[in-house]
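Inspection log for the structure reproduced underneath, given as structure tokens.
The sequence lines fix the lettering, A, B, ..., with proteins before strands; numbering per chain opens at 1.
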There are 2 protein chains.
Amino acid sequence: MSSQKSGTAAEPAMERRNGISLWRQIADQIRLAIGSGEFADRLPPEVVLAARFGVNRHTVRSAIAALEQEGVLRAEQGRGTFVKRKQKLAYPIGVRTRFSEGLRGQARDRRGVLLDHAVEASDQRTAEALNLAAGSQVLRLETVSEADGRPVSRATSFFDVARFSGLENHYRDSGSITIALKSLGILDYFRRMTLISARHASASDLSDLRLSPGAIVLVTVYVNVDAEGVPIQYSETRFAADLVELSVN
Amino acid sequence: MSSQKSGTAAEPAMERRNGISLWRQIADQIRLAIGSGEFADRLPPEVVLAARFGVNRHTVRSAIAALEQEGVLRAEQGRGTFVKRKQKLAYPIGVRTRFSEGLRGQARDRRGVLLDHAVEASDQRTAEALNLAAGSQVLRLETVSEADGRPVSRATSFFDVARFSGLENHYRDSGSITIALKSLGILDYFRRMTLISARHASASDLSDLRLSPGAIVLVTVYVNVDAEGVPIQYSETRFAADLVELSVN
DNA sequence: CAAATTTGTCTATTGATATATACAACCATA
DNA sequence: TATGGTTGTATATATCAATAGACAAATTTG
């Protein structure tokens with residue numbers, strides 16, 4: 001997509017005094033360029049990047065330092081700066097969306113970790129989504145899903161506690177919602193609805209997903225239903241946007 | 001979703017020295033709070049917000065100034081600060097995704113504006129997506145879609161010029177891809193695939209979508225096919241993420 | 001009208017960002 | 001081993017971001 005740079009001319013032109021520091025804007029640009037295949041395995045020299053973005057070399061260095069911290073780049077004195085991690089994961093969303101299945105072939109290890117759980121009174125939206133009486137008791141799970149040891153998404157999920165009591169233990173053991181539900185008699189389930197939005201990551205998501213401050217998350221809010229069409233799960237999942245893209249087929 | 005603040009304690013705690021200025025982080029928080037229904041029609045006084053976010057009143061004022069610029073807030077001396085625009089538009093994505101249909105009932109006027117068009121050699125990805133020989137001539141349309149006069153999305157679309165020569169004129173006249181395609185004999189079409197990601201808006205998208213610097217865009221890359229399943233359109237659309245959420249059913 | 005509440009403006013100070021310039025350290029290779 | 005290319009470090013300066021305190025201007029309320 002998008003137009004190519006012409007000659008030695010500068011990039012889209014970084015914006016100044018708009019609340020985002022230049023080094024962060026440049027870090028985002030570099031991350032983007034890596035994702036799109038340009039900068040396949042190593043970066044151009046710092047002076048070249050500085051010219052391209054129209055900024056001082058030190059500013060580029062700040063950007064590179066941030067991406068090093070983030071685990072995207074590795075700078076070696078005298079040699080150059082190299083790309084450690086490159087491609088985004090494609091996470092398919094559809095009627096039969098499942099985390100582990102979705103990333104099959106893109107990552108070897110795929111598992112979920114239970115951070116926290118609680119039984120509590122549902123708020124209005126949750127009760128509506130699960131088709132329960134307002135204020136009914138629901139089980140809330142706070143989870144992180146990892147691919148090859150790297151956290152890719154952070155979810156908050158609600159279940160009818162009357163039907164799914166003890167789900168948290170099955171999830172903790174298996175690291176999979178699909179398997180945990182199977183243990184409680186749900187052999188199959190389907191996604192009814194997904195809302196997708198994007199925002200800056202909250203402080204807690206930053207730490208759970210090990211992101212650099214200012215990172216973006218893709219947010220999916222969805223309802224899963226059983227074979228009879230009865231809602232069983234209402235969730236919000238935050239994906240690290242620099243690591244994942246969603247695909248709808 | 002998510003936990004509530006307790007008493008007078010400060011918010012998620014703004015992060016410092018991470019490339020995002022405090023006033024911008026706070027502006028994002030306020031925008032979020034408006035979207036989630038808190039701050040329904042007016043903001044708490046600046047001193048209260050300053051205490052809540054744990055910053056100086058002037059910093060809050062910078063955030064409010066940015067949101068005023070953006071058209072979200074309106075501050076009135078002596079009275080308070082009021083919300084001008086609140087709800088997000090829900091943009092449905094599915095087999096029969098169409099811009100105007102999707103926003104029916106959410107906005108009165110919905111139309112597309114042609115910014116630019118060109119006939120050029122396709123790059124590899126475009127040729128593959130449209131199932132053309134590499135380097136074939138394609139028609140590129142640069143468009144902005146508006147709802148009630150406000151730009152909500154910015155698209156770059158490619159068509160096989162051999163089949164859709166003159167499409168740009170039909171689009172300019174009608175403001176609709178669906179109608180333009182109909183004029184050229186495509187009575188119906190379907191979406192085959194959609195990829196969704198998120199990133200910071202580019203400088204040009206910022207201006208086309210009238211966004212504040214640092215804003216986020218939701219990006220959809222997709223292929224539309226005709227009734228026989230032949231690809232006809234390959235596009236990338238950038239949605240203003242503070243205005244739109246995508247829904248998948 | 002007076003008081004309280006709220007946004008708007010001003011001045012001063014501190015720390016983070018960004019620029020400019022110079023040079024050191026390290027690496028590849030001719 | 002000498003040279004050129006590259007990252008790392010240092011110093012100085014200017015601008016932006018954030019804090020602090022005080023007061024003006026407009027509006028609402030008693």
Worksheet item: Should E236(A) and T156(A) be marked as a side chain to side chain donor-acceptor pair (under 3.5 Å) after you check the CA-CA gap, both sets of side-chain angles, and the distance that decides it?
Response: CA-CA 5 Å; E236(A) 175 187 271; T156(A) 302; 5.2 Å; no

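Between the CG atom of N56(B) and the C1' atom of dA22(D) there is a distance of 13 Å, rounded to whole Å. Atom CH2 of W23(B) and atom P of dT17(C) are 14 Å apart (whole Å). For the pair L73(A) CG and dT6(D) P, the computed distance is 16 Å after rounding to whole Å. Atoms CZ (F53(A)) and P (dT19(C)) sit 13 Å apart, rounded to a whole Å. Whole-Å rounding puts the L49(B) CG to dG8(C) C1' distance at 16 Å. Put simply, CD on E76(A) is 11 Å from C1' on dC26(C), counting in whole angstrom units. To the nearest angstrom, C1' of dT5(C) lies 12 Å from CZ of F82(B).
For R57(A) and dG8(D), a side-chain-to-base donor-acceptor distance below 3.5 Å is present, hydrogens and geometry of angles not being considered. Looking at H58(B), its side chain comes within 3.5 Å of the base of dG21(D) through a donor and an acceptor atom.
The side chain of T59(A) places an N or O atom within less than 4.0 Å of a non-bridging phosphate oxygen (OP1 or OP2) of dT19(C). In this model, the phosphate group of dG8(D) is approached by a side-chain N or O of R61(A) to a distance below 4.0 Å at OP1 or OP2. Taking side-chain N and O atoms only, T81(A) has a distance below 4.0 Å to OP1 or OP2 of dT7(D). A sub-4.0 Å separation between OP1 or OP2 of dA28(C) and a side-chain N or O of R79(A) is present.
The backbone N or O of T237(B) lies less than 3.5 Å from no partner atom in the side chain of S153(B), so there is not a single donor-acceptor pair. Judged by distance alone, the side chain of S62(A) and the main-chain N or O of H58(A) form a donor-acceptor pair under 3.5 Å. Panel note: side chain E68(B), backbone A75(B); a donor-acceptor pair is recorded below 3.5 Å. Although no hydrogens or angles enter the test, the distance criterion places no donor-acceptor pair under 3.5 Å between the side chain of S235(A) and the main chain of Y222(A).
The side chain of E46(A) has dG8(D) as its nearest neighbour among dG8(D), dA18(C), dA18(D). The Q77(A) side chain lies nearest to dT7(D) when the options are dG8(C), dA10(D), dT7(D).
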